[in-house]
Each structure stands twice: as structure tokens, then as C-alpha cells.
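Each chain gets a letter, A, B and so on, in the order its sequence line appears, and its residues count up from 1.
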Protein chains: 2
Amino acid sequence: MTLPRETVEARLAAFREACVQKRLRLTHQRMEVFRALASSEEHPDVESIHRVVRKRIPTISPDTIYRNLKLLAEHGLVSVAGMSADRLRFDANMGPHHHFVCVKCGRIRDFTSRELEHIAFPAEARAFGAPCSMHLEVKGVCSACQKGRKP
Amino acid sequence: MTLPRETVEARLAAFREACVQKRLRLTHQRMEVFRALASSEEHPDVESIHRVVRKRIPTISPDTIYRNLKLLAEHGLVSVAGMSADRLRFDANMGPHHHFVCVKCGRIRDFTSRELEHIAFPAEARAFGAPCSMHLEVKGVCSACQKGRKP
DNA sequence: CCCCAAATAAGATAGAATCCTATTTACGAA
DNA sequence: TTCGTAAATAGGATTCTATCTTATTTGGGG
Ligand SMILES: [Mn+2]
Ligand SMILES: [Mn+2]
Ligand SMILES: [Zn+2]
Ligand SMILES: [Zn+2]
């Protein structure tokens, strides 16, 4: 909530314009859901957004929050923080390594990179606290999915 | 399942030793859960592991899979693939950026890094398919949590 | 101002993960 | 080897996130 007002205003203006271009109806609810998210730098979850929006629209339902965020994410107007994780997935490879994640089939492949291994924690990250690990996730379409094989 | 047998054997041996050192009981179920994970390079979920282990222990319950994987993760013997994501969290910052994630309180902070911006998709990742995005997650303890502030 | 596809509210539903409790078991000590 | 006990398990119940269903409302083009 400590974002510069001009940043928020810019986001809201861009949002309105994008919605018009994409033929997404500018409902009261949709606008307030986006405003709540665009005014925060906390990467809020649905419950947090719902709490905020309820102050302006007391009857708004959680489903409307979910529905709009999903729609907006599909249109590239917001994104999901963190990573693709519908369910927990585990790893017995405890060595340092990174992941290639297929956005089609969800397959996760390990890789290491000599180039990346020598990168220290970025100073910009250290400014927030004491880093202890670093993980790179490369998203893309795996060879199998490119060839149209079944997932 | 295409892992070299020696790799699997080494993992199992290390696992037995670690369990003894950490005073974790080597139950039949725990051993088979770890064997299933250590024999796979698919980053399997609980259901997949359950299917595999059931061939040897037909009565094993999903809860035992969950319980053991969680315990082993706490002891650093396995890890959770992907990222910390108990629930969906959203982001209105659509510019390219990375995340610092506090392992104590879950706070997510944005950062960019000139050093990282110029990194191309690693060749090792491109070997798996066509990358389309890249995201770095730095885990650590944020300043607030270091100072013992409440989450 | 009209119309209607799109969007919403509220409750039902699905599914993942955890909790509860009676029973079993691993393993240290005698 | 046997024994005692705390740890672990099985299976059902429960919690909680997210999605779906359906009747109702509404944004916005014509
Ligand atoms: Mn991995
Ligand atoms: Mn972010
Ligand atoms: Zn794929
Ligand atoms: Zn913290």
C-alpha cells in the first residue's frame, strides 16, 4: 500500500484502456478487484483482495475475485506470483539445480548451468534480507509437446 | 524411471544413513516412499508416488505419503519442487522482475537486476524445448523477520 | 432506450492436504 | 531375546482452496 499514487493511477488507466481494447466489460467489481491488486505490492491472495474490495462492495463474492483474476491473468493484465503449483510435487535431487517447466504438460526437468552456478545473490535481493537459496525456473514448451505428443 | 541404478542405490544408502543419524525410524513405508521418489526424475506428486508404492505395500494410505514427504522435506532429505505456494497469489507488476521470498513470513518482494536481465536462456534449458520466460526466486529471511518482528 | 451476452451472488461441489484416533511397529534397553 | 514405549500407520473425518451451477443482474453496442 506504499506504492506511489502515480504508479497506481498509471496502472488503472492502462487497465481501463486494455479492457476496452480486449472487449472486457468494465464492471464495478472487476475495476475494484484490479484496483486492490494494483495498489498493493504485497502479492496478495484472494482472501486479502476480497477483504479490501468488500469495503467498497460489501456483497462481492470470493468467486468474483477468483473469476476476474483468472480472466485477467489469461489476458496478461495480471500474473500469478510464484510458480505453477496445483499440487505438491517432490524432488529427491538435493544438489543445486534449476528447472525447465513445460507450460503445456507440466513436466519438470532438471538442469544445471555452469554459467549460472557462479552467480552470487543479486545485491538487489540481498537488500531485502539474508538470502539462503536461489532457484531459476525456465518456462516453455517441451520437445514432446512441440511435436504434438500426448501429455 | 530412467535413472542409473547406481544413482538410485547411492540415494538409498545415503537415505538409510541419514535416517539413522537423525533418529528417524526406518519403517517399511518410509523406505518405499523414498525409493519411489529417488527412482524417478519426474518430480512426482503424492498420487503418483502412492500408485508406485502400492505395488509393494497395497494398504499404504495417502496420508502416510504426505506425512513422510513432509517430514523428510523438513529434514532436508527431499525437497518440494517448484515454489512455496499454499494458495494463489497475484501480481500487478507485469514488467520482467524477480522475487525475494521470505521463508519465515511468506512475504514476496520484487526486484530487478541489470546483471540478470542480460542472461539468455541457458543452453541446458533450451535442450528441453522452447523457453518463453525465466524467473528467479531467491529464498531467504527478510529483514523484518531477522529482527524478530511478527509476521 | 432496448436487448442480450457477459458478469455476478450464493450455494453446491470437487479435490488436495491435514487431522483424529485406535492399532501397530521400530528400536533402545534390560 | 524379550519388553516397553514413543513413534508411525490406516482409514475415515475434516478443513480449506478453488471451481462449478444456476438464477438474476448489468454493461455497453445498436
Ligand atoms: Mn529437480
Ligand atoms: Mn512481483
Ligand atoms: Zn510438455
Ligand atoms: Zn519475513
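Residue B:Arg87 contributes atom CZ, which lies 15 Å from atom C1' of C:dT18 at whole-angstrom precision. For B:Phe90 and D:dT17, the CZ to C1' distance is 11 Å, given to the nearest whole Å. Distance, B:Ile60 CD1 to C:dT24 P: 17 Å, rounded to whole Å. Residue A:Glu32 contributes atom CD, which lies 15 Å from atom C1' of C:dT8 at whole-angstrom precision. Rounded to a whole Å, the CZ atom of A:Arg54 is 16 Å from the C1' atom of C:dT8.
Nearest nucleotide to the B:Asp63 side chain, out of C:dA16, D:dA8, C:dT18: C:dT18.
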Output a table of nitrogen or oxygen pairs between the protein and nucleotides 26-30 of chain C separated by less than 3.5 Å.
residue, atom, partner, partner atom, Å
C:dA26, N3, B:Arg25, NH1, 3.4
C:dC27, OP1, B:Leu26, N, 2.8

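A:His97 and A:Asp91 share a donor-acceptor pair across their side chains, judged by distance under 3.5 Å alone. A donor atom on one side chain and an acceptor atom on the other are found under 3.5 Å apart for A:His99 and A:Asp110.
Heavy-atom distances under 4.0 Å link DNA chain D to B:Arg67, B:Asn68 of residues 65-75 of chain B, given in residue order.
Using a 4.0 Å cut-off between charged nitrogen and carboxylate oxygen, A:Arg114 and A:Glu117 do not count as a salt-bridge pair.
B:Thr59 comes within 4.0 angstrom of sugar-phosphate atoms only, judged by non-hydrogen atoms across all strands, and of no base.
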